[in-house]
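Report on one structure; see the data block that follows.
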Amino acid sequence: MQYDVIVIGSGPGGYVAAIRCAQLGLKTAIIEKYSTLGGTCLNVGCIPSKALLDSSEHYHNAAHTFKTHGINLDNLGIDFGQMIKRKEEVVTANTSGITYLMKKNKIDVHQGIGSFKDKNTIVVTKDDKSTQELTTKNVIIATGSKPSALPFIKIDKQRIITSTEALTLKEVPKHLVLIGGGVIGLELGSVYARLGAKVSVIEFMDGIIPTMDKSLGKELQKVLSKLGMEFYLGHKVTGATVQGEEVTVTFDSPKGEKKELKGDYCLVAVGRIAYTDGLGLENIGLTVEERGRKITVDEHLETSVKGVYAIGDVIKGAMLAHKAEDEGTFVAEIIAGQKPHINYNLIPGVVYTWPEVASVGFTEEQLKEKGTKYKTGSFPFKASGRARASGDLDGFVKVLADAATDEILGVHMIGPRAADMIAEAVLAMEYRASAEDVTRTSHAHPTYTEAMREACLAATGNRAIHI
Ligand code: FAD
Ligand code: NAD
């Protein structure tokens, strides 16, 4: 079979690339080693984690906030099996949606492991070990990533687990010990803390979500502590062992004191590494970077082998589904001879805790380091009428704008529906809006988005109305 483009991997990078290629009239195939399409994101990442976040939030609200709204419930309980079953139904609905989209766009789907024989020939090895050769003019590698491990901890997938197992547990842990206070740890930690587990977070750096603006981590830690989560910051994990149903995690404090925590599960969430196993990169003369095992690409996302491109988690940059999607569209358009563009500085980052955390552009720490002169404006949700009505008073919106030109350089928010609200900041910054431009834009009342306008008012001469 002869194709214009073969995409290896069907995650948000791969399936979006395949659809855009087909839209542009290119004969396209996609190869996926698993029986369902959608990659990490749809099967064991974004979608199932958000399904459990939503379910656990409903339970938490029913148990703790309904009564303040005058709603009383008797015999509230958790059917955890049903919660997991619903999550699986959500995943199936999404992955079958991708199968439908492949058919609709006349993209051939080959199930099996895709491997380079040479740069124009891909061998697909199916589960029964039978093989098929496909030929193509271009290849897009979109093979994603897998969880990182710590060399001194054996992940047994029963008691010492990764995010994949944490999404399919059979019971709510009594005490979940989390290694890593990043996105996965805090999202899945929130799920189980809301369902009643004791959750302890051991983080190497001196703050949680350490790559985001520092103010966000501080506020989130305050809120998650109210939920009962405990934090060991600046602590260095030295080991984890399992005995029966108990896991013992050992770690050193910043002063070098030896500590240990015993729990029934330990979730290791210390980042992810690029996945290239079985691709046969050596057959086309490609190597991966030593650190992170990423594939190197140029500004067109093309590797050093002409006609072989790579996108998503397997290359440099943030490991985010929407970044992979943007790159999928970008490469399809490059192959079709167009001149697309991605502004990597404007890819938002979101943490789906409650309140949600969302961020785009430069952090205050980065601006200080660059020596950029900037001004800030903040607005707390406790001063928002909409937030008072819903009872979501934690958090704020912080806007950073250029001191001289007023151009918005960064927006960092923690609060209700911040994940959706950040879109306004991304759009404003894509059009290089000034803070004043946002202040002159009508925002419906009462909405959480008014906090963005108020923060911009605060940044432009301390003009916020409601503080
Ligand atoms: P992937 O989604 O990893 O897909 C790669 C695919 O390639 C896989 O299906 C794999 O089986 C297949 N493959 C690999 N090698 C071969 C081969 N040789 N032949 C055939 N097939 C192959 N990001 C967000 O933006 N928002 C979120 O809310 C979010 N939540 C997450 C929650 C969790 C628990 C996790 C783990 C991740 C989350 N992410 C989130 C990150 C997101 O899932 C990834 O950034 C995204 O999936 C990367 O897309 P991708 O297409 O590069 O690769
Ligand atoms: P992460 O990089 O977000 O966080 C890992 C954390 O572990 C960091 O804070 C790091 O300092 C800490 N750490 C590293 N080594 C440690 C050690 N030995 N002891 C203690 N702490 C240690 O990684 P993650 O949470 O595993 O997530 C992986 C990827 O998946 C991320 O790149 C993220 O972008 C993506 N993801 C995104 C979302 C989302 O967009 N909402 C959700 C989940 C995952």
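Just so you know, ligand 1 is whichever comes first in the structure, and atom 1 is the first atom listed for that ligand. No experiment lies behind these values; they were computed from the predicted model shown.
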Mode of [X] contact toward ligand 1 - side chain, backbone, both, neither (heavy atoms, under 4.0 Å):
{"X": "P48", "value": "neither"}
{"X": "I184", "value": "side chain"}
{"X": "K323", "value": "neither"}
{"X": "S163", "value": "side chain"}

Taking distance alone, with N or O pairs closer than 3.5 Å, would you say [X] contacts ligand 2?
{"X": "E203", "answer": "yes"}
{"X": "L320", "answer": "no"}
{"X": "I184", "answer": "yes"}

**Item:** Minimum-distance protein heavy atom relative to atom 21 (N) of ligand 2
**Value:** F204 N, 3.2 Å
**Request:** Would you kindly specify which portion of L150 sits under 4.0 Å from ligand 2, judged on non-hydrogen atoms: side chain, backbone, both or neither?
**Result:** side chain
Mind checking whether [X] has an N or O less than 3.5 Å away from an N or O of ligand 1?
{"X": "I8", "answer": "no"}
{"X": "Y34", "answer": "no"}
{"X": "V44", "answer": "no"}

**Asked** Distance from C46 atom SG to L53 atom CG, nearest 0.5 Å?
**Response** 11.5 Å
**Request:** Could you tell me if the ring centre of F381 sits under 6.0 Å from that of F396?
**Result:** no
**Atom indices of ligand 2, in the order listed, that fall short of 4.0 Å to a heavy atom of E187** = 39 (C), 41 (N), 42 (C)
**Request:** Report, in ascending order of atom number, the atoms of ligand 2 lying under 4.0 Å from any heavy atom of V350.
**Result:** 39 (C), 40 (O), 41 (N)
**Message:** Main chain of G307, side chain of E302: is a donor-acceptor contact present, judged purely on distance under 3.5 Å?
**Reply:** yes
Just go through [options] and tell me whose heavy atom is the nearest to [atom].
{"atom": "atom 12 (C) of ligand 1", "options": "E32, K146, K33", "answer": "E32"}
{"atom": "atom 31 (C) of ligand 1", "options": "C46, C41, P348", "answer": "C46"}
{"atom": "atom 7 (O) of ligand 1", "options": "G328, A321, G9", "answer": "G9"}

**Message:** To check you understand the geometry: which heavy-atom pair defines the closest contact between L233 and D206, and what is its length?
**Reply:** CD1-O, 3.6 Å
